[in-house]
Amino acid sequence: MERIAQKTQGNYKWYMIVMLVALILISIFTGVSDIRLSNLLSLTDTQKLVLLTSRIPRTFSLVLAGSTLAVSGLLMQQLTQNKFVSPTTAGTLASARLGIVIAVIFFSHSSLAYKTGLAFVFSLIGTFTFILFVRTVKLKNAVMIPLVGLMFGNIISSFSTYLAVQYEVVQNASSWLQGNFALISSENYQLLLLSVPLLIFIISLAHYFTILGLGRDVSLELGVPYGLLEFIGITIVSLATTAVILTAGSIPFVGIVVPNLVSIKKGDHFQKVLLPTAFSGALFLLITDIISRTMIYPYEIPIGVVIGVVGSVLFLYLLLRGESE
Amino acid sequence: MKTRQLNGVFVTLFASIIVFLFLYMTVNTRGHLSFAFSLRGQRIVPFFLVGFTTTVSTIVFQTMTQNVILTPSIIGLDALYILLQTVVFFVFGMNHVLATNQQLNFLLSLLLMMGGSIGMFWLFFLKYPGKLYLLLMTGLILGTFFNSFSQFLQVIIDPNEFDSLFSRTIASFNRVDITLVNTSLLLALPALIYLFKESRRLDVLHLGREYALNLGIDIDFYYFKLFMLISLLTAVTTALVGPVSFLGFLGANIAYKVFNTYRHSILFLGGSLISIVFILIGQLLVEHVFKLQTTLGVIIQFVGGLYFLVILFKERNG
Amino acid sequence: MMDVQNVTKNYGQTVVVNNVSLPIEKGKMTACIGPNGAGKSTLLEMVSRLIPQDTGHIYLDGKEVKSWKKGEFAKRLSVLKQTNQMTVRLTVRELVSFGRFPYTKGRLNSKCHEIIDSSLSYLGLSELQNRYIDTLSGGQLQRAMIAMVLCQDTDYILLDEPLNNLDMSFGVQMMQTLRSLVDELGKTVITVVHDINFAASYADNIVAMKEGQLFASGPVDKMITKSVLDDLYDMDVEIIENKGKKYCLYYIN
């Protein structure tokens, strides 16, 4: 029995890797400038330029952003023991955005460092506020927590809007509101590379985070420093979210939908679902990005809109599915 | 709370409304008292109407969800309104009759918001009776989606049109069209009166779904009815002045603190009066301190948001 | 008289209550027992119309439960679920007076106040009546909830595990109170009980359920026997008699 189970698991892994590679190739060779796999060896200079400065960085950031967001969501769900918490439903995204708006207003020549720093600090504060709230409040229904979290996010967003209006940077700020990979180039995607060490860090601590999911009391009893790990977890999530939002804008739903879909198939053991979640997150973004590039070809729909549609449908499916059982 | 104390609070509220109303009518008239009176007098009815609609609908909503930090805005009606305005501007432009004719726009917004909520609630109360949070969650997700779609259109819209559109998506009493006030009253007043009359039945909802059923309330149908009324009130308010969800939130939560009761009759009246005081103070600030550089919607969102955070922190400690 | 006929309830693929038929005697105390997941609470919820049954019929005094007007039904039958935390701040008296809602829709008259007073004193809560319910102990809150149900003044009172969270002495008090509701006030009490010896000591009739089906039902004497209980719980139990009452020993298997 066990051997069969292992075998299917092995197949599943291969299946995921093949899918990922295929989608990466499709992603790289989709676009206005016609580049084919067959003439990869005889590229013109322009084609080479497009490939190296635009296509490959874009695909690369999609993979990174997707897996980072999905894993961040999974980690937050683990920390709060609530399946509907993610950077979108815990104020992380909104807080990071507030940080960016403030950076744009008060450091007008705002370098990337200022934006990154402020966005990180704000998302850290925002997420902490919310997680501490979740930990102590006893709401009757677990679904109420993300509802409150989204309200929390909306309020922070309205502060951002207020500031943006007062200082007339609405347009500038709007571009941070919308997830978009079209503007990614070899110049500006480096920040996303930050997520690689973060992912590795999460993987290396995976065992501890697994225990964290059993709750504070059990963790402390097993000798796991709950508070410290919670702090580390939130810090990682905030950093990762900041990196994604500054390169690609805010991308909703990935952090909720992907981990929940994976857990339907693979259960809730953090260590076991970690890699599949990262894989699926990357797949999810690659697919939605290809849709966004081909729907009204040669124009592009921002990926945020596509994810909005796909994500909300999937999310409702998850919600109603849990109900009919 | 003792009856005498209760009367005292109500007298104080009425008195402050009169004082602020007087200030609002007479400050900075620059000698043109009658002109200012007729101009400012027009806004008094909307002030009172909005004070009541937002507060009553928020209190009913919070009783139904048994949660005092939610507002009816999470079911996505505000977002739908903003999306409609955005689509109108995007597809037809700012000079099209749908954008310029206030009555038409009002009716269209109202129809869309009511239609949307009827469809959604009908579906949910038929298919998943008693699962209120499913409905909330769905509304919330749709709202998020509407918002992101609006943002998408707003980014590619012509900058001039964007400015004009943007002013519509923020609540303001300065742009209230007086011709819409009568229609709004006609729609909202019966709903408000009905809810006031229902306050004792609403009290029972505090005990939760099962006890309400046990005490003979046909809870699923009743929730459906209440949801429709909340949508109607929210839709009228939003179509009239724009999204003002946090006004009701402020009024309701301060009323819970001040009156410390579960009785809806007292909370409705008290909370609404509190909201009206807020509107009057806010509008005074907007017109005379900020010299119309900002709108009441922004101030309310700011103060309401801060208060929300305070409550969040207090829940945490308490 | 209540009559349950061929009632079935499914949740998805799982059959929770499977074709149950039984009459419930009026003016008696009926205890519903059975292993975890037997469908006891679900049956109780259907009988008290908190949830609808999928098939079958339930009659209250000759008229089908779902055809009763909700307001009228609430004057005939009341139900108390396992106590859940209430978020609203109410005093004991305010909570109890909600029981009058089916009669006066919240406008309390002098008769209501009389009934509220007597319900409070019946449960020994007169001194606690102005305390807020969030300051009460588990046992006190449970009594307050019973007082609310009593205040509703119904012929039938249904309770779902009223002994949860109560210690031994409060458990005994609770069962004595329920017994006196039957003996002194002529009520019909139907209660789900986990502790079989409480059922054996206080109930008139016992309904045993297992895996969604009616396992057996009848007067206490016929039900508290080794042959019934061994099969019901899949255990080896021992029946002893003490002062004319039967008890069931199952602690050491």
Side-chain angles (χ1 to χ4, degrees), chain A residues 84 88-89 91 129-130 132-144 146-148 150-159 161-162 164-166 170-171 174-175 177-180 250-253 256 301-302 304-309 311-316 318-320 322-324, chain B residues 65-67 69-71 73-74 78-79 124 127-128 131-134 136-149 151-156 159 162-163 166-167 169-170 208 243 245-246 249 293-295 297-302 304-309 312-313 315-318:
Chain A
F84 291 111
T88 334
T89 53
T129 310
F130 188 72
L132 286 180
F133 166 75
V134 168
R135 200 164 70 186
T136 41
V137 82
K138 296 277 174 285
L139 286 175
K140 271 172 144 184
N141 197 324
V143 181
M144 287 298 175
L147 286 179
V148 173
L150 272 156
M151 285 265 298
F152 179 58
N154 285 346
I155 287 160
I156 295 173
S157 296
S158 71
F159 286 148
T161 312
Y162 169 75
V165 172
Q166 283 314 78
V170 178
Q171 235 124 18
S174 286
S175 61
L177 296 176
Q178 189 119 49
N180 197 343
S250 48
I251 297 165
F253 291 119
I256 281 190
I301 309 169
V305 175
V306 178
I307 289 185
V309 179
S312 42
V313 170
L314 280 174
F315 187 83
L316 290 178
L318 288 172
L319 200 65
L320 299 182
E323 222 31 66
S324 48
Chain B
T65 52
Q66 300 204 315
N67 188 330
I69 41 185
L70 296 180
T71 71
S73 71
I74 64 163
D78 300 20
F124 270 93
K127 199 143 188 258
Y128 301 100
K131 301 284 166 59
L132 193 63
Y133 61 91
L134 277 184
L136 300 183
M137 212 61 181
T138 310
L140 190 89
I141 295 304
L142 289 177
T144 313
F145 171 63
F146 292 154
N147 276 336
S148 67
F149 197 68
Q151 274 163 19
F152 162 58
L153 294 180
Q154 283 170 10
V155 168
I156 51 182
F162 178 78
D163 280 347
F166 192 78
S167 72
T169 58
I170 287 188
S245 48
F246 275 109
F249 173 82
Q293 286 300 296
T294 186
T295 78
V298 171
I299 294 184
I300 287 170
Q301 207 74 356
F302 215 102
L306 281 177
Y307 192 61
F308 176 89
L309 294 180
L312 211 60
F313 269 105
E315 286 243 1
R316 200 171 77 66
N317 298 327

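Hydrogens, waters and symmetry mates play no part in the numbers below; they use all other heavy atoms, side chains included. Quick caveat, the model's predicted, so the values are computed rather than measured.
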Is A:Phe152 close to chain B through its backbone or its side chain, or both, or neither, when contacts mean heavy atoms under 4.5 Å? both
Could you measure the distance from the CG atom of B:Leu142 to the CZ atom of A:Phe315? Nearest 0.5 Å is fine. 11.0 Å
Excluding sequence neighbours, so at least two apart, what forms side-chain hydrogen bond (donor to acceptor under 3.5 Å, both in side chains) with A:Ser157? A:Arg97
Side chain to side chain, A:Ile155 and B:Tyr307, heavy atoms closer than 4.5 Å: no
Could you tell me the separation between the CZ atom of A:Phe253 and the CZ atom of B:Phe145, rounded to the nearest 0.5 Å? 9.0 Å
From A:Ser312 atom OG to B:Phe149 atom CZ, the distance as rounded to the nearest 0.5 Å: 11.5 Å
